[in-house]
Amino acid sequence: MYKSRARSRNMPLHLMILPGLLLVLVFSYIPMAGTYIAFQKFIPAKGFFGDQRWIGWDNFRYLLELPDIYQVLWNTVFIAVMKMAAGIVVPLTVALMLNELRNQAIKRSVQTLIYLPHFLSWIILGGVMIDILSPSSGIVNQALGAFGIKPIFFLGSNDWFPYTMVISDVWKEFGFATIVYLAALTGIDPQQYEASIIDGANRWKQTWYVTLPGMRMIIVLMAVLSLGNVLNAGFDQIVNLYSAQVYASGDVIDTLVYRLGLQQAQYGVATAVGLFKSVVSFLFISVAYYAAYKLADYRIF
């Protein structure tokens, strides 16, 4: 009887996850059936079930023989790792700082302002970034010029482009992660702070010995989730901001797939790249999950 009542009470909550499950099924699981294209010389005119020629691992061999493939892999890992590190450190620091604010009006205003860019697409933010980073009229270069610094072509220089991608991505997303960390802060028992004050701990020691250990699990969770995206350097962002001038430092796996698949119609090779990326990402997140279990006793299942 109790189980039946609990099932009835939770049924609306279970129904709420159906749209999400449907989206995952349609856009993540059903497309997996098309991975066999990676082993074919796929010709779209013959259709998915047409008489396509099977070529085994040739698409993967072609991929590894591309002259710039290793540079693309390096760009992908370099940009993704920097985004992962900054995506943990920056929102965690901001959350700790906001937690020290006692004026709730200012705290909520800051949260709203830093969360706002998360809702804007890279189509919009790309135009904003091009305007503010322009070497001739951008506000950033005008501010640098006030200090006697020569204009910097942030989106056209191979030296600056990767770091510009990291900083702009952090600006867009750190507000969302900050809210996650602020939610984790509310779960820390206030009695731990009271006990630390009795022991003579100042605010810094309270943060070091109470706050950070109390947030350890959510920090590990965010790190594990981010490791699954180690080969996702941000297609939407880069494709809207890069140009052939910065291919050497800004071309990543996703943009390579875009050029091979949609611009050069090499669908088999593009699928092989995507399959390779998925396998490597799965291995990374498996290792990260195992490490989180061993080092922090963290488990999802």
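Quick caveat: nothing in here was measured; it's all calculated off a predicted structure.
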Give a yes or no answer on whether the side chain of Ser134 reaches the backbone of Asp131 with a donor-acceptor pair at less than 3.5 Å. no
Contact check, side chains of Asn59 and Thr271, non-hydrogen atoms, under 4.5 Å: no
Residues, nucleotides or ligands: over 12 heavy atoms within 6.0 Å of Trp204 CH2: no
Stepwise salt bridge (charged side-chain N to carboxylate O under 4.0 Å, His left out) test for Asp199 and Lys205: CA-CA 11 Å; Asp199 290 338; Lys205 288 187 177 179; over 6 Å; no
Check step by step if side chain to side chain contact (heavy atoms under 4.5 Å, CB included) holds for Leu25 and Leu21. CA-CA 6 Å; Leu25 177 67; Leu21 290 176; over 6 Å; no
Heavy-atom pair with the smallest gap, counting every atom of Leu73 and Ile253: CD2-CD1, 3.6 Å
Common cluster, Val280/Leu66, ILVMFWY with side-chain heavy-atom separation under 4.5 Å: yes
Could you go through the side chain to side chain contact (heavy atoms under 4.5 Å, CB included) check for Ile188 and Met215 one step at a time? CA-CA 8 Å; Ile188 299 176; Met215 299 176 67; 4.2 Å; yes
Can you check whether Phe153 reaches Val246 side chain to side chain, under 4.5 Å on heavy atoms? no
Can you find a heavy atom in the side chain of Leu96 that is under 4.5 Å from one in the side chain of Asn99? no
For Asn103 and Ala105, work out which heavy atoms get closest and say how close. OD1-N, 3.1 Å
CD1 of Ile219 to CD1 of Ile88, rounded to nearest 0.5 Å, is 8.5 Å
For the hydrophobic clusters of this structure (ILVMFWY residues joined by side-chain heavy atoms under 4.5 Å, transitively), does one cluster hold both Val128 and Trp160? yes
Assign the ring pair Phe78 / Tyr163 to parallel, tilted or perpendicular, where the plane angle (0 to 90°) is split at 30° and 60°. perpendicular
Rounded at 0.5 Å granularity, tell me how far CE in Met165 sits from CG in Leu241. 4.5 Å
Could you check if a side-chain atom of Tyr181 sits within less than 4.5 angstrom of a side-chain atom of Met222, using non-hydrogen atoms only? yes
Mind checking the OG1-NZ spacing from Thr76 to Lys277? Nearest 0.5 Å is all I need. 8.0 Å
Could you walk me through whether Phe60 and Leu275 pass the side chain to side chain contact (heavy atoms under 4.5 Å, CB included) test, one step at a time? CA-CA 10 Å; Phe60 293 90; Leu275 183 59; 3.9 Å; yes
Check this for me: Leu283, atom CG, are more than 12 non-hydrogen atoms of other residues, nucleotides or ligands nearer than 6.0 Å? yes
Distance from Ser28 atom OG to Leu23 atom CG, nearest 0.5 Å? 9.0 Å
Please test Asp169 against Lys172 for salt bridge (charged side-chain N to carboxylate O under 4.0 Å, His left out), starting from the C-alpha separation and ending with a verdict. CA-CA 5 Å; Asp169 182 74; Lys172 182 178 185 295; over 6 Å; no
Short side-chain donor-acceptor distance under 3.5 Å, Thr178 and Gln111: no
Which heavy atom in Pro135 sits nearest to a heavy atom in Pro151, and how many Å separate them? O-CB, 3.4 Å
Side chain to side chain contact (heavy atoms under 4.5 Å, CB included) between Trp171 and Met129: does it pass, once the steps are laid out? CA-CA 11 Å; Trp171 167 61; Met129 296 298 296; 4.0 Å; yes
Count I, L, V, M, F, W, Y as connected when their side-chain heavy atoms are under 4.5 Å apart, and connections chain through other members. Are Val94 and Ile167 then in the same cluster? no
Thr93 versus Val89: any side-chain heavy-atom pair under 4.5 Å? yes
Classify the ring geometry between Tyr115 and His118 as parallel (under 30°), tilted (30 to 60°) or perpendicular (over 60°). parallel
Regarding Asn75 and Gln71, do their side chains bring together a donor and an acceptor under 3.5 Å, going by distance alone? yes
Any side-chain to backbone donor/acceptor pair from Gln245 onto Gly156? Under 3.5 Å, distance only. yes
Taking atom CZ of Arg102 as the centre, report whether more than 12 heavy atoms of other residues, nucleotides or ligands fall under 6.0 Å from it. yes
Pairs flagged by salt bridge (charged side-chain N to carboxylate O under 4.0 Å, His left out) wherever residues 114-127 is involved - sequence neighbours left out: none
Under 30°, 30 to 60°, or over 60°: which ring-plane class applies to Tyr242 and Phe161, parallel, tilted or perpendicular? tilted
By side chain to side chain donor-acceptor pair (under 3.5 Å), Asn141 pairs with (sequence neighbours left out) none
Note, Leu260 side chain near Tyr267 side chain (heavy atom, < 4.5 Å): no
Would you say Gln263's side chain and Tyr258's backbone share a donor-acceptor pair under 3.5 angstrom? no
Looking at Ser168 and Trp122, what are the two nearest heavy atoms and their distance? O-CH2, 3.7 Å
Derivation of the side chain to side chain donor-acceptor pair (under 3.5 Å) call for Lys83 and Gln237: CA-CA 12 Å; Lys83 283 183 176 180; Gln237 176 195 19; 2.6 Å; yes
When you compare the side chains of Lys41 and Gln266, does any donor N or O come within less than 3.5 Å of an acceptor on the partner? no
Could you check, using the six-membered ring where one of them is a Trp, whether Phe39 and Trp54 have ring centers closer than 6.0 angstrom? no
Does CD belonging to Gln191 count more than 12 external heavy atoms closer than 6.0 Å? no
Tell me whether Val287 is reachable from Val77 by hopping between hydrophobic residues (I, L, V, M, F, W, Y) whose side-chain heavy atoms are closer than 4.5 Å. no
For Asp236 and Val239, which heavy atoms make the closest approach, and how far apart are they? O-CG1, 3.6 Å
A side-chain contact here means heavy atoms from C-beta on lying under 4.5 Å apart; do Gln206 and Asn202 qualify? no
Rounded to the nearest 0.5 Å, what's the gap from CD1 on Ile132 to CG on Leu125? Could you check? 9.0 Å
What's the spacing between Ser196 OG and Glu194 CD if we round to 0.5 Å? 9.0 Å
Counting only heavy atoms not in Asp189, do more than 12 fall under 6.0 Å of its CG? yes
Just wondering, do Arg108 and Leu98 contact through their side chains at under 4.5 Å, heavy atoms? no
What closest approach, in Å, do Leu64 and Ile69 show between heavy atoms, and which atom pair accounts for it? O-CG2, 3.7 Å
If you draw the axis of the six-membered ring of Tyr247, does the NZ or CZ of Arg259 fall within 45° of it and under 6.0 Å from the ring centre? yes
Is there a path of hydrophobic side-chain contacts, each under 4.5 Å between heavy atoms of I/L/V/M/F/W/Y residues, joining Tyr62 to Ile55? no
Any donor-acceptor pair under 3.5 Å from Thr255 side chain to Asp251 backbone: no
